[in-house]
Amino acid sequence: MNYSYNYAFLRQFMDKHHLRTRDIVEALGSKDFASPKNWYEGKVPVHICAMLRICNYYNIPLANFFVDEDGLPADFEPCAPDKTAQLLPTDNYGIKEGAGRGIVITKITERKATTLAQKDAVEIGLKNRDAQLERNKGILKGNTGQMKDEHVVDVTHEKSMREVIEKCLSTVNNLVAAHNAQIESLVNIIKDQEKTIAMLTNDNRDKPDVDSDDAITSTGENSVIGLAAEDNHA
């Protein structure tokens, strides 16, 4: 896995629902306009408390703010709080009213939608939440066999898809490794050939040049002199 923050998600969400910076400020329950503007422009990531507040307010999955660059499916299910869970900072540190508050309270007690776009976005989120609650009730009760089976099928399908993706990635990695090894082998062959050519070139340069005509003439003279010597001796 290779997790990264998706700087574009908040902008995409706001553009899709025609939300403005003041709508996000209203959802956060603060008066800080600078931070949402920087988040929208992708300059800085949304800090975790504000991110949770936005997800709770509009009922959107927290996973939407993140991506896995390896493309592997990610499982994210927040666990139920137990006696060790701490839902607020110690001594309410950083929590205050108005502008400049350090910590945004993530729990939503009420939603005040002052714009039509804000109202529509909230209604869509609440409808999705109601559908999720109904599905969860059916799964927990176990009296809706079809819904329960569909849930099991979805989980099985996700697991199967994950296995397929992992196998594909493994195959691709093996092919890339084999390809790189083949290229390296060819490069070594070319280097060896270049060395052989260089050695042959140097050998030819070291040999003296011999004129073929001189060789023939010299051979001829030697032959004549040899014949003359033989005649005189005779």
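Residue numbers start at 1 and run along the sequence shown. All values below were derived from every heavy atom in this structure, side-chain atoms included, with hydrogens, water molecules and symmetry-related copies excluded.
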Fit a plane to each ring of Phe65 and Tyr5, take the angle between them on a 0 to 90° scale, and name the class: parallel (under 30°), tilted (30 to 60°) or perpendicular (over 60°). parallel
**Request:** Could you please spell out the steps behind the side chain to side chain donor-acceptor pair (under 3.5 Å) verdict for Asn38 and Ser35?
**Result:** CA-CA 5 Å; Asn38 289 332; Ser35 294; 5.7 Å; no
Do other residues, nucleotides or ligands put more than 12 heavy atoms under 6.0 Å from Asp192 CG?
yes
(request) Under the salt bridge (charged side-chain N to carboxylate O under 4.0 Å, His left out) rule, what do Lys127 and Glu123 come out as? Steps first, then yes or no, please. (result) CA-CA 6 Å; Lys127 288 180 180 178; Glu123 287 182 352; 5.4 Å; no
Side chain to side chain contact (heavy atoms under 4.5 Å, CB included) between Phe9 and Met51, worked out:
CA-CA 11 Å; Phe9 171 70; Met51 187 184 301; over 6 Å; no
Quick one: are the ring centres of Tyr3 and Phe66 less than 6.0 Å apart? no
Q.
Any heavy-atom pair between the side chains of Asn2 and Asp68 that's under 4.5 Å?
A. yes
- Between Leu126 and Arg129, is any pair of side-chain heavy atoms under 4.5 Å apart? yes
Residues passing the side chain to side chain contact (heavy atoms under 4.5 Å, CB included) test with Ser4, sequence neighbours excluded, are Val67, Glu69
message: Measuring only between side-chain heavy atoms, which start at C-beta, is His17 closer than 4.5 Å to Tyr58?
response: no
To the nearest 0.5 Å, atom CD of Gln118 lies from atom CD of Glu26 at 5.0 Å
Could you go step by step and tell me if Arg20 and Thr115 meet the side chain to side chain contact (heavy atoms under 4.5 Å, CB included) rule? CA-CA 10 Å; Arg20 299 181 181 180; Thr115 66; over 6 Å; no
Heavy atoms of Gly125 and Asn59 approach each other most closely as O-ND2, 2.9 Å
* **Gln86 side chain vs Leu88 backbone, donor-acceptor pair below 3.5 Å** => yes
| Quick one: are Pro45 and Tyr7 in side-chain contact, heavy atoms under 4.5 Å? | yes
Task: Donor on one side chain, acceptor on other, Ser30 and Asp32, under 3.5 Å - done: no
Identify whether Phe33 and Tyr57 are in the same connected component of the hydrophobic contact network (ILVMFWY, side-chain heavy atoms under 4.5 Å). no
For Tyr40, the side chain to side chain contact (heavy atoms under 4.5 Å, CB included) test, sequence neighbours excluded, returns Arg11, Met14, Asp15
Nearest heavy-atom contact between Pro36 and Val25 is CG-CG2, 3.9 Å
CG of Leu28 to CG of Asp23, rounded to nearest 0.5 Å, is 11.0 Å
